[in-house]
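The residues of the chain are indexed from 1 along the displayed sequence.
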Amino acid sequence: MTPILDAREVKKSYRMGRVLVQALRGVSFDAEEGELLTIFGPSGSGKSTLLNLMGGLDRPDEGEILIDGSNILKLSDDKLAELRLTKIGFVFQFFNLLPRLTALKNVELPLTIAGMPENEVLNRAKETLRLVGLEARMNHKPSELSGGEQQRVAIARALINSPKIVLADEPTGNLDTKTGWEIVQLMKKLNEEKSQTFVIVTHDQHITETANRIIHLKDGLIEGIKEAPTRNRQ
C-alpha cells in the first residue's frame with residue numbers, strides 16, 4: 001500500500017543571527033491511510049518545523065515529502081496552495097478561528113474559498129459540526145465558546161474538505177487536562193469511524209497512548225519509532 005504521507009531524508013535549517021540552527025537533520029518516515037500517528041518530543045526537537053513541512057507551509061532544504069503521491073518540492077506555489085486546500089486539514093494549538101464569524105461560518109470557510117455552491121457548503125458544515133458534537137453551538141462566535149468547543153470547531157474546519165490527512169500541532173496545549181483528553185478522544189473516534197489519517201505533533205506523552213505509532217523526535221533526528229501493541233493494519 002502506498003503511504004498517504006512519505007518523508008524521505010528531510011533536512012531543514014534556520015539562521016538566527018550568525019548561528020545556523022539545524023532543526024531537522026535527516027528525517028524519514030511514512031503514514032498510512034487511516035493511521036493515527038503521533039510525533040513526540042521535547043520543545044526544540046523539530047516537531048513544529050516538521051509539521052510545517054508536511055503541511056506545505058514551508059519547504060525542506062533537502063529531502064522529499066510526498067502527500068498522496070505528490071512531491072511538495074516539485075509543486076508550484078499555486079499547486080501547493082491547492083494541495084493544502086483539498087488534501088490537508090490543519091488543527092492548531094491556538095485554534096486560529098476568525099473572531100467575528102460564528103462556528104458555522106468558520107467551518108464553512110475552506111469550502112467557500114474552494115468555490116463550492118452555497119447550499120452544499122451549508123449542509124456539509126452543519127453535518128461536520130454534528131460529527132464533533134457542536135450542532136447546538138453553531139451560531140455562536142469563538143468568544144462565546146469554551147476552549148474545548150473552539151478546538152472542536154477547529155477540528156470540524158479541518159475535516160470539512162474531507163482531506164487525505166489531518167495535521168494537528170499541539171492540539172491540547174492550550175487546554176486543561178480534562179478538556180485536552182476529550183479532544184484527543186474525539187480525534188481518535190473520528191480516526192476510527194471515518195478512517196481519517198491523523199498526524200499529531202505533541203510533547204504530551206498522554207496523547208501518545210491513543211496512537212497506532214509513535215515517532216520520537218530529538219534534536220532534529222528520529223530517536224525511535226514505536227508501534228502500539230493493539231495496532232490493526234488494514
Side-chain angles (χ1 to χ4, degrees), residues 4-5 33-37 48 51-52 54-57 67-68 80-176 178-202 207 210:
I4 198 70
L5 181 150
E33 189 169 355
E35 184 174 14
L36 196 158
L37 180 72
S48 291
L51 182 133
N52 287 339
M54 288 188 290
L57 301 174
I67 300 290
D68 197 26
L80 189 56
E82 182 181 346
L83 180 81
R84 288 196 300 266
L85 184 62
T86 59
K87 295 190 177 182
I88 304 172
F90 294 93
V91 180
F92 301 99
Q93 177 178 349
F94 295 102
F95 319 136
N96 286 10
L97 302 177
L98 296 180
R100 295 185 179 181
L101 298 184
T102 63
L104 182 64
K105 291 298 183 183
N106 267 286
V107 173
E108 286 180 347
L109 198 57
L111 295 185
T112 302
I113 293 171
M116 187 173 287
E118 188 174 339
N119 284 344
E120 188 173 350
V121 170
L122 179 61
N123 290 336
R124 285 181 61 173
K126 286 182 175 180
E127 173 60 19
T128 310
L129 280 167
R130 186 195 64 77
L131 279 176
V132 301
L134 279 186
E135 62 268 36
R137 306 284 282 168
M138 65 177 62
N139 293 316
H140 290 69
K141 293 181 179 179
S143 62
E144 300 168 327
L145 301 173
S146 68
E149 287 171 335
Q150 289 184 62
Q151 193 61 294
R152 285 172 181 264
V153 174
I155 292 170
R157 182 183 57 191
L159 294 173
I160 190 69
N161 270 346
S162 300
K164 292 288 187 178
I165 186 168
V166 176
L167 304 176
D169 188 6
E170 301 283 5
T172 65
N174 203 35
L175 303 171
D176 62 75
K178 179 178 179 295
T179 304
W181 183 244
E182 290 173 354
I183 291 299
V184 171
Q185 291 302 306
L186 171 62
M187 289 191 288
K188 179 65 174 174
K189 178 174 179 284
L190 293 167
N191 164 256
E192 292 174 346
E193 292 182 356
K194 296 176 66 66
S195 295
Q196 187 76 56
T197 305
F198 279 82
V199 177
I200 303 174
V201 167
T202 183
I207 293 179
T210 63

*Asks:* Check salt bridge (Lys or Arg N to Asp or Glu O under 4.0 Å) between Glu144 and all other residues, then give those that pass, not counting sequence neighbours.
*Replies:* none

*Asks:* With Glu82, which residues qualify under salt bridge (Lys or Arg N to Asp or Glu O under 4.0 Å), at least two apart?
*Replies:* Lys79

*Asks:* Considering only heavy atoms from C-beta outward, does the side chain of Gln196 approach that of Ile165 to under 4.5 Å?
*Replies:* no

*Asks:* Applying salt bridge (Lys or Arg N to Asp or Glu O under 4.0 Å), name anything that partners Lys189, two or more places apart in sequence or on another chain.
*Replies:* Glu193

*Asks:* Please enumerate all residues that pass side-chain hydrogen bond (donor to acceptor under 3.5 Å, both in side chains) together with Asn52, with sequence neighbours excluded.
*Replies:* none

*Asks:* Do the side chain of Asn123 and the main chain of Asn119 share a donor and acceptor less than 3.5 angstrom apart?
*Replies:* yes

*Asks:* Under the salt bridge (charged side-chain N to carboxylate O under 4.0 Å, His left out) rule, what pairs show up with a residue in residues 148-164, not counting sequence neighbours?
*Replies:* Arg137-Glu149

*Asks:* So do the side chains of Gln93 and Pro171 get within less than 4.5 Å of each other, counting heavy atoms only?
*Replies:* no

*Asks:* Given Val199 and Leu51, is the side-chain contact (heavy atoms from CB on, under 4.5 Å) satisfied, shown in steps?
*Replies:* CA-CA 9 Å; Val199 177; Leu51 182 133; 5.8 Å; no

*Asks:* Contact between Leu37 and Ile200 at the side-chain level, heavy atoms closer than 4.5 Å - yes or no?
*Replies:* no

*Asks:* Return the set of residues passing side chain to side chain contact (heavy atoms under 4.5 Å, CB included) with Ala158 (not counting sequence neighbours), or none when no residue passes.
*Replies:* Val91, Val166

*Asks:* Taking side chain to side chain contact (heavy atoms under 4.5 Å, CB included) as the definition, give me every residue that meets it alongside Leu85, ordered by chain and number, with sequence neighbours left out.
*Replies:* Pro110, Ile113, Ala114, Asn161

*Asks:* Looking only at heavy atoms, what is the nearest atom pair of Leu129 and Ala156, with distance?
*Replies:* CD2-CB, 4.1 Å

*Asks:* What distance do Gln185 atom CD and Ile207 atom CD1 have between them, rounded to the nearest 0.5 Å?
*Replies:* 10.5 Å

*Asks:* Measure across Pro142 and Asn106 and return the closest heavy-atom pair with its distance rounded to 0.1 Å.
*Replies:* CG-ND2, 4.1 Å

*Asks:* Residues two or more places apart in sequence or in another chain: which of them pass side chain to side chain contact (heavy atoms under 4.5 Å, CB included) with Phe95?
*Replies:* Leu97, Gln150, Gln151, Asn174, Leu175

*Asks:* Among all residues two or more places apart in sequence or in another chain, which pass the side-chain hydrogen bond (donor to acceptor under 3.5 Å, both in side chains) test with Thr210?
*Replies:* none

*Asks:* Does Lys188 reach the side chain of Phe198, with side-chain heavy atoms less than 4.5 Å apart?
*Replies:* no

*Asks:* With heavy-atom distances below 4.5 Å as the criterion, would you say the side chains of Leu122 and Leu104 are in contact?
*Replies:* yes

*Asks:* Nearest 0.5 angstrom please: Leu186 CG to Leu131 CG, how far?
*Replies:* 9.0 Å

*Asks:* Of all the heavy-atom pairs spanning Thr172 and Gly180, show the shortest one and how long it is.
*Replies:* CG2-O, 3.3 Å

*Asks:* If you measure from CG on Leu111 to CD1 on Ile160, what distance do you get to the nearest 0.5 Å?
*Replies:* 4.5 Å

*Asks:* Verify side-chain contact (heavy atoms from CB on, under 4.5 Å) between His140 and Thr102, making sure each step is shown before the conclusion.
*Replies:* CA-CA 5 Å; His140 290 69; Thr102 63; over 6 Å; no

*Asks:* Under the salt bridge (charged side-chain N to carboxylate O under 4.0 Å, His left out) rule, what pairs show up with a residue in residues 90-112, not counting sequence neighbours?
*Replies:* Lys105-Glu108

*Asks:* Would you please name every residue forming a side chain to side chain contact (heavy atoms under 4.5 Å, CB included) with Ser48, sequence neighbours left out?
*Replies:* Asp169

*Asks:* With a sphere of 6.0 Å drawn around NZ of Lys141, does it hold more than 12 non-hydrogen atoms of other residues, nucleotides or ligands?
*Replies:* no

*Asks:* Passes side-chain contact (heavy atoms from CB on, under 4.5 Å), Thr197 versus Leu36? Steps please.
*Replies:* CA-CA 6 Å; Thr197 305; Leu36 196 158; over 6 Å; no

*Asks:* Going by side-chain hydrogen bond (donor to acceptor under 3.5 Å, both in side chains), name the residues that satisfy it together with Lys87, two or more places apart in sequence or in a different chain.
*Replies:* Asp68

*Asks:* Where is the tightest heavy-atom contact between Ser162 and Arg124, given as atom of each residue plus distance?
*Replies:* OG-NH2, 3.6 Å

*Asks:* Indicate yes or no: at least one non-hydrogen side-chain atom of Ile67 is less than 4.5 angstrom from one of Leu83.
*Replies:* yes

